[in-house]
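Just so we're clear, the structure is a prediction, and the values are computed from it rather than from any experiment. Throughout, residue positions are numbered sequentially from 1 according to the sequence presented.
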Amino acid sequence: MRLRGAATLASVTLLAATALGAAPAATAPLPARMADTGGGTQLITAQAARTSSTTGTVTWWERRGGRWAKAGSAPARFGSKGLAEGGSRKQGTYTTPTGLYDLPYAFGIRSAPRGTTAPYRRVHQNSWWCQDNKSTRYNRWTEPRPRDCRAAESEHLITYDPQYAHALVIGFNYHRPVRGRGAGIFLHVNGRAATAGCVSVPKDAMRRILAWVRPGRAPHIAIGTASGPTAITRY
């Protein structure tokens, strides 16, 4: 009898809360269920079903009237080997690092889409992203490529077309780089298949994201799974 009475009381409480306009937690927007959103009013979420997934969804959100609202979404691709916890990820594993990161700047082989306000760097013939663990320019844009950064251990950005037609730098291992953890993680345009560790979306979606991002709103990106140790809600 006590259990039945408790269940009845819980049901009545839930109905009362719904009647008053309070949505159950499970229906709250994803950012409202996250441990941290970066402190800004714009957030991109890149969510996969599980760590072995190579596809998922990218959604961009913004604060409106004190609440998170969806501004857009698109199908996403992840690393060809799935996702891995960002804090322990290893370079060269073809995994996308999970976690919450800022978005330092945008770049592209093509001109910035109309409406872009984020710092946007054009790719030139001598533009490289150094991924050489022995280089002083590890996990940095270099132009030209320095002598201590081997070409075989770097990306010649202009050769990645359409992927780098437009892109956002993801602040994974960027501000205080740890050698061997990974370099050159971006949100970029889809290639032919899964990525080497980045997050990618269709070209039109990437252009819409760039036109939407506002640096003054401190945008971040959260990458994670639907559940488990790498659940996006844990970041």
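Tyr160 and His188 are not linked by any side-chain donor-acceptor pair at a separation below 3.5 angstrom, with hydrogens and angles left out of the test. No side-chain donor-acceptor contact under 3.5 Å links Arg145 and Ser154. Thr57 and Thr59 form no side-chain donor-acceptor contact under 3.5 Å, judged by distance and modelled atom types alone. Side-chain contact annotation: Thr230 with Thr225, donor-acceptor N/O pair under 3.5 Å present.
Proximity of a side-chain donor or acceptor of Arg77 to a complementary backbone N or O of Asn190 within less than 3.5 Å is not detected. The main-chain N or O of Val58 is never found under 3.5 Å from a side-chain atom of Ser73 such that the two would form a donor-acceptor pair. In terms of modelled atom types and a separation under 3.5 Å, the side chain of Arg89 and the main chain of Arg181 share a donor-acceptor contact. Proximity of a side-chain donor or acceptor of Arg208 to a complementary backbone N or O of Gly72 within less than 3.5 Å is not detected. Remark: side-chain polar atoms of Thr96 are paired, donor with acceptor, to backbone N or O of Cys198 under 3.5 angstrom. Judged by distance alone, with hydrogens and angles left aside, the side-chain atoms of Tyr94 form no donor-acceptor pair with the main-chain N or O of Gln91 at under 3.5 Å. Under a 3.5 Å cut-off, the side chain of Glu62 and the backbone N or O of Arg217 do not form any donor-acceptor pair. Checking side-chain atoms of Tyr174 against main-chain N and O of Asp102 turns up no donor-acceptor pair under 3.5 Å. In this structure a side-chain-to-backbone donor-acceptor pair under 3.5 Å is present from Ser135 to Arg137. For Arg234 (side chain) and Pro229 (main-chain N/O), a donor-acceptor pair under 3.5 Å exists by modelled atom type.
The minimum heavy-atom distance linking Ser127 with His156 is given by the pair O-CD2, 3.5 Å. Here the closest heavy-atom approach between residue Trp61 and residue Thr45 is recorded as NE1-OG1, 3.0 Å. Of all the heavy atoms in Gly182 and Tyr138, the pair that sits closest is N-OH, 3.1 Å. In terms of heavy atoms, His220 sits closest to Thr37 at CB-O, 4.0 Å. Contact record, Gly79 with Ala194: C-CB, 4.2 Å, taken as the closest heavy-atom pair.
Taking a 6.0 Å sphere around CZ of Arg214, one finds it holds more than 12 heavy atoms contributed by other residues, nucleotides or ligands. Within 6.0 Å of the CZ atom in Arg114, the count of heavy atoms belonging to other residues, nucleotides or ligands does not exceed 12.
Residues forming a side chain to side chain contact (heavy atoms under 4.5 Å, CB included) with Pro144 (at least two apart in sequence, or on another chain): Asn126. Shown here are the ring-ring contact (aromatic ring centres under 6.0 Å, His included) partners of Trp141, two or more places apart in sequence or in another chain: Phe107.
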Check against side-chain contact (heavy atoms from CB on, under 4.5 Å), Trp128 and Leu157
CA-CA 5 Å; Trp128 293 74; Leu157 299 178; 5.6 Å; no
For Phe78 and Thr51, run side-chain contact (heavy atoms from CB on, under 4.5 Å): C-alpha distance rounded to whole Å, both residues' side-chain angles, the deciding distance at 0.1 Å, then the answer.
CA-CA 10 Å; Phe78 299 100; Thr51 54; over 6 Å; no
Evaluate side-chain contact (heavy atoms from CB on, under 4.5 Å) for Val213 paired with Thr117, printing each intermediate quantity in order.
CA-CA 7 Å; Val213 163; Thr117 59; 5.8 Å; no
Passes side-chain contact (heavy atoms from CB on, under 4.5 Å), Trp129 versus Asn139? Steps please.
CA-CA 7 Å; Trp129 196 275; Asn139 202 19; 2.9 Å; yes
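Side-chain contact between Pro113 and His166: present, with at least one pair of heavy atoms (C-beta onward) separated by less than 4.5 Å. Side chains of Trp68 and Met34 form no contact here, defined as non-hydrogen atoms less than 4.5 Å apart. Contact check for Tyr105 versus Tyr120: no side-chain heavy atoms found under the 4.5 Å cut-off. In this structure, the side chains of Ser200 and Gln163 stay at 4.5 Å or more apart for every pair of heavy atoms. Residues Pro97 and Ile185 form a side-chain contact, since some pair of their non-hydrogen atoms from C-beta on lies under 4.5 Å apart. The shortest distance between side-chain heavy atoms of Leu43 and Ile221 does not fall below 4.5 Å. Inter-residue side-chain proximity for Val189 and Asp161 is flagged as unmet; no heavy-atom pair is nearer than 4.5 Å. Using a 4.5 Å cut-off on side-chain heavy atoms (C-beta onward), Thr98 and Ile232 make no contact.
Neither Phe186 nor Ile209 shares a network with the other; the hydrophobic side chains, linked directly or stepwise wherever heavy atoms of I, L, V, M, F, W or Y lie under 4.5 Å apart, form separate groups for each. Residues Leu100 and Phe172 do not share a hydrophobic cluster, clusters being chains of Ile/Leu/Val/Met/Phe/Trp/Tyr side chains in contact below 4.5 Å. Tyr101 and Trp60 fall within the same hydrophobic cluster, where Ile, Leu, Val, Met, Phe, Trp and Tyr residues are linked whenever their side-chain heavy atoms come under 4.5 Å apart, directly or through other members.
Residue pairs meeting the disulfide bond (SG atoms under 2.5 Å apart) criterion with at least one member in residues 104-194, sequence neighbours excluded, are Cys130-Cys149.
Tested against Leu187 for a side-chain contact (heavy atoms from CB on, under 4.5 Å), the candidates Leu168, Val169, Leu210, Ile223 yield a single pass: Leu168.
Note: Arg122 CZ to Ile158 CD1 = 9.0 Å, rounded to the nearest 0.5 Å. Annotation: the span from Glu153 atom CD to Asp132 atom CG amounts to 5.5 Å, rounded to 0.5 Å.
Geometrically, Arg110 does not engage Tyr164 in a cation-pi contact, judged by NZ or CZ lying under 6.0 Å from the ring centre and within 45° of the ring axis.
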